[in-house]
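For reference, the structure discussed in these notes is given below.
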Amino acid sequence: MKLRFSLLLIDDDPDSIAQALMTLRDYLEENGFELATEAPPIVSVDEVRTLSRDHGKEFDLVAVDYQLGSKHFHGGDMASTIRTELEYTDMVFYSDRSVNLHEQLASAQVEGVFVASREELDEALVGLADTVIGKAVDLNHMRGIAMAEIAEMDLIMEDTLAATFQSAGEALNKAAQRTATRVKKSMEESSQSVDKVVSERGIVGLIRDARLFSSVHKYWALKRVCKTMSTRPDMAALDSYESEVIHKRNMLAHAKEVDDEGTITLQSSLPGSTVTINDQWMAEFRRTLREQRSALETVCAEVRNYFS
């Protein structure tokens, strides 16, 4: 799983469980995750089978309503179809208290499915989400998730910068030159390599070279690009990107696991201090990553539109 918790919802009237979904969304956001809900465009056995087969690995949890408003199938048929395609994905089967859900599942020969009344669906969704997260979020695994998220944010900036410099012609020459100069200053030992890359492949070649063009370089290059725009994006949300994302990413990369009588934490030593990375720290960092990524995607979209 990533920072996005993906729920597959099979319900012909999703608004009927809006409160339960809101409760789940609030719980996930408190823990630094985002809820993404997907539903088939048409509730039918074929649509559900195709969705499960093509995108099944993306779903962290499946919620299936028994009463689907059709004379030809009900939720038990859907649960059976999904379980065939997604053998180990957690699933919750729900309906009104008047329906014997266990009996319906047994009739459809579906195993390994949680059941809940519609009135208690919010508690079931939160409990199952907590179980799914718990399987993935030991600190070392969460470190990998956070690092992967930042790598994707890096790529968003990289692609935006490459497309911008490639398409803008003379308009950004000065920004491009300053970007190359800043990289040379911060990497004096690699200045000859920077010159060679720029002379052979231009500024885009430098941007695409992960050895010479780091996360910090991408961030500052993006800020320089924004300064050339007559209508500048709001960069205020990204002012802390270097300290809150890049710096903490580096802390995670070099942290050591510490076992204090069964309590596992990660510790990162900085000049003059040691930072303890525990579950609370990671939850806060996940929230920060979600906020920063949202702001970054907005800025990069504005840059791309401006120079397209």
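No hydrogens, no waters, no symmetry mates; every other heavy atom, side chains included, goes into these values. Throughout, numbering of the chain's residues begins at 1 and tracks the sequence.
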- Item | Heavy-atom pair of closest approach, residues Asp65 and Ser95 | OD1-CA, 4.1 Å

- side-chain contact (heavy atoms from CB on, under 4.5 Å) partners of Asn250, counting only residues at least two apart: Ile246

Side-chain donor-acceptor pairs under 3.5 Å in residues 20-35, sequence neighbours left out?
residue : atom : partner : partner atom : Å
Thr23   : OG1  : Gln19   : O            : 3.1
Tyr27   : OH   : Asp130  : OD1          : 2.4
Asn31   : ND2  : Tyr27   : O            : 2.9

- Query: With Thr288, which residues qualify under side-chain hydrogen bond (donor to acceptor under 3.5 Å, both in side chains), at least two apart?
  - Reply: none

- Task: Given side-chain hydrogen bond (donor to acceptor under 3.5 Å, both in side chains), test Asp154 with Ser215 step by step and report yes or no.
- Result: CA-CA 6 Å; Asp154 251 15; Ser215 299; 2.6 Å; yes

- Item | Partners meeting salt bridge (charged side-chain N to carboxylate O under 4.0 Å, His left out) with Glu284 (sequence neighbours left out) | Arg287

- Item | Non-neighbouring partners of Asp46 that pass side-chain contact (heavy atoms from CB on, under 4.5 Å), sequence neighbours left out | Ser44, Arg49

- Using the ring-ring contact (aromatic ring centres under 6.0 Å, His included) rule, collect all pairs that involve residues 275-303, keeping only residues at least two apart or in two chains. Trp281-Phe285

- Query: What pairs with Glu120 under salt bridge (charged side-chain N to carboxylate O under 4.0 Å, His left out), at least two apart in sequence or on another chain?
  - Reply: Arg97

- Message: For Thr84, give me all partners under side-chain hydrogen bond (donor to acceptor under 3.5 Å, both in side chains), at least two apart in sequence or on another chain.
- Response: none

- Message: Please enumerate all residues that pass side-chain contact (heavy atoms from CB on, under 4.5 Å) together with Ala176, with sequence neighbours excluded.
- Response: Phe165, Ile203

- Item | Sidechain-backbone polar pair: Tyr306 side chain, Ser230 backbone, donor-acceptor under 3.5 Å | yes

- Message: Closer than 3.5 angstrom, by distance alone: can the side chain of His55 be matched with the main-chain N or O of Ser52 as a donor-acceptor pair?
- Response: no

- Name all residues meeting the salt bridge (charged side-chain N to carboxylate O under 4.0 Å, His left out) criterion together with Asp96; count only those two or more places apart in sequence or in a different chain, and write none if there are none. Arg118

- Query: When you measure from the side chain of Arg83 to the backbone N and O of Thr89, does any donor-acceptor pair fall under 3.5 Å?
  - Reply: yes

May I have the list of side-chain donor-acceptor pairs in residues 296-304 shorter than 3.5 Å, sequence neighbours left out?
residue : atom : partner : partner atom : Å
Glu297  : OE2  : Arg293  : NE           : 3.0
Thr298  : OG1  : Ser294  : O            : 3.0
Arg304  : NE   : Thr160  : OG1          : 3.3
Arg304  : NH2  : Asp159  : O            : 3.2

- Message: For Glu158, give me all partners under side-chain contact (heavy atoms from CB on, under 4.5 Å), at least two apart in sequence or on another chain.
- Response: Leu155, Ile207, Arg208, Lys218

